[in-house]
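Let me begin by presenting the structure, written as structure tokens, before commenting on it.
Lettering of chains follows the sequences in order, A, B, ..., and the numbering in each one begins at 1.
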2 protein chains.
Amino acid sequence: MIANELCNCNILRNSSSKITSIYDKALSHTGVKVTQYGLLKYVYLLKSPNLSQLSAALYQDRSTLGRNIRILERMKLVSINAGIDKRQVQIELTNYGVFTLKEARKAWELVQKKIELKLGKKKQEQLIEILKNIEAIELKL
Amino acid sequence: MIANELCNCNILRNSSSKITSIYDKALSHTGVKVTQYGLLKYVYLLKSPNLSQLSAALYQDRSTLGRNIRILERMKLVSINAGIDKRQVQIELTNYGVFTLKEARKAWELVQKKIELKLGKKKQEQLIEILKNIEAIELKL
DNA sequence: AAATAAAATGAGTATATACCCATAGTATGA
DNA sequence: TCATACTATGGGTATATACTCATTTTATTT
């Protein structure tokens, strides 16, 4: 009665997990994981944002972001300071954070290219297109 | 110097997260999340497996499985008993677990169909194909 | 049979994630 | 200006996940 059809959700979860571990291994010598690289990148791109700005840019929960950022702080990659508005925290890359971001960027470029080669340009583009579709889905539930 | 190109890994992570929350909402009235539904389904399909069998079927870490199964045990959805080989634990669905699995299955079918409609058959198939490619990737790192 | 190897699991530790609620600070409207 | 509403964040709690190491049991090899 219950068969084992492919679940869109679980195949995506599995692929996501698999590719995350590939990227993590490719970045491992830099000391950061691909998720942390993403965070550092946005702190850089948004030029010392506060948590709400970061979480809006990353479409992630603020408290999640807060926790993840505090890990980067422990790792001396970012500093967290009170903003002029004292409710806010201003997040800045440390020098070590900038250095690490650049190293991670090099490693990221390599693994990204390798994946693109393995997958081929056409499938790569199809994937992006389909995932955009998925992220745009709003089901009435 | 550091631009914001699309990262295969992060777009997959985001899509995975997004679609997980869609499935979770669709299943919410059954009391289980889509990941837990997947676990229940495999306990059913594998007919009271032990942890190693489950983790092999799901390509997941054994200790992860152990923790997730103990959550299902707390929820009275499965029972965990010692096997004949006393190292093993035998995992069985309770009656409530079977009932919940069936309810979750109905909800899963609905949301799965809705997603397929939104996405279209062609993209659906492309997605599966591409994700299989990704899961098969073995980079020498 | 005794020693050793292998298998199954659990526990410790850690990250990533989200939800809800409390609190502190700021802005706004009467 | 004072009460109220809004904003930014932190903390509690919970799930999902993986890695490493210890322990218990079983299997294998002298």
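The shortest distance between the side-chain N/O atoms of A:Gln53 and the OP1/OP2 oxygens of D:dA8 is not below 4.0 Å. Distances shown here put every side-chain N or O of A:Gln88 at or beyond 4.0 Å from the OP1 or OP2 atom of C:dA24. Neither OP1 nor OP2 of D:dT23 sits under 4.0 Å from any side-chain N or O of B:Arg87. OP1 or OP2 of C:dA7 has not a single side-chain nitrogen or oxygen of B:Ser52 nearer than 4.0 Å.
Positionally, the nearest nucleotide of DNA chain C for A:Arg74 lies more toward the 5' end than for the other of A:Ile84 and A:Arg74. Between A:Asn50 and A:Asn14, the residue anchored closer to the 5' end of DNA chain D is A:Asn50, taking for each the nucleotide with the nearest heavy atom.
Grouping the Ile, Leu, Val, Met, Phe, Trp and Tyr side chains by contacts below 4.5 angstrom, directly or via other members, places A:Ile128 with A:Ile11.
Within 6.0 Å of CG in A:Asn95 there are 12 or fewer heavy atoms belonging to other residues, nucleotides or ligands.
Counted by atom type alone, B:Gln60 and B:Asn68 present zero donor-acceptor pairs between their side chains at under 3.5 Å. B:Tyr23 and B:Gln112 are linked by a side-chain donor-acceptor pair at a separation below 3.5 angstrom, with hydrogens and angles left out of the test.
At a threshold of 4.0 angstrom between heavy atoms, the contacts of B:Asn68 include nucleobase atoms, whether or not backbone atoms are also involved.
Atom CD in A:Gln36 sits about 17 Å away from atom P in D:dA18, given to the nearest Å. Here D:dT17 presents its P atom at 14 Å from CG of A:Leu12, a figure rounded to the nearest Å. Summarising the geometry, the separation between CD1 on A:Ile71 and P on C:dT13 is reported as 16 Å, rounded to the nearest angstrom. Atoms CD1 (A:Ile69) and C1' (D:dG11) sit 17 Å apart, rounded to a whole Å. One interatomic measurement links the two molecules: CG of A:Asn10 to C1' of D:dT17, which rounds to 14 Å at whole-angstrom precision. Going from atom CZ of A:Arg13 over to atom C1' of C:dA16 covers 11 Å, rounded to whole Å.
When all heavy atoms of B:Gly31 and B:Gln36 are compared, the pair lying nearest together is O-OE1, 4.2 Å. Here the shortest heavy-atom pairing between B:Val78 and B:Leu40 reads CG1-CD2, 3.9 Å.
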Atom pairs and distances, side-chain donor-acceptor, residues 98-105 of chain B, under 3.5 Å, sequence neighbours left out:
unit_1, atom_1, unit_2, atom_2, d
B:Thr100, OG1, B:Tyr96, O, 2.9
B:Glu103, OE2, B:Lys106, NZ, 3.0
B:Arg105, NE, B:Glu109, OE2, 3.0
B:Arg105, NH1, A:Ala3, O, 3.3
B:Arg105, NH1, A:Glu5, OE1, 3.3
B:Arg105, NH1, B:Tyr37, OH, 3.4
B:Arg105, NH2, A:Glu5, OE1, 2.8
B:Arg105, NH2, A:Glu5, OE2, 3.4
B:Arg105, NH2, B:Glu109, OE2, 3.4

Base, backbone or nothing for each nucleotide of nucleotides 18-23 of chain C, written B, S, -, heavy atoms under 4.0 angstrom, 5' to 3'? BB----
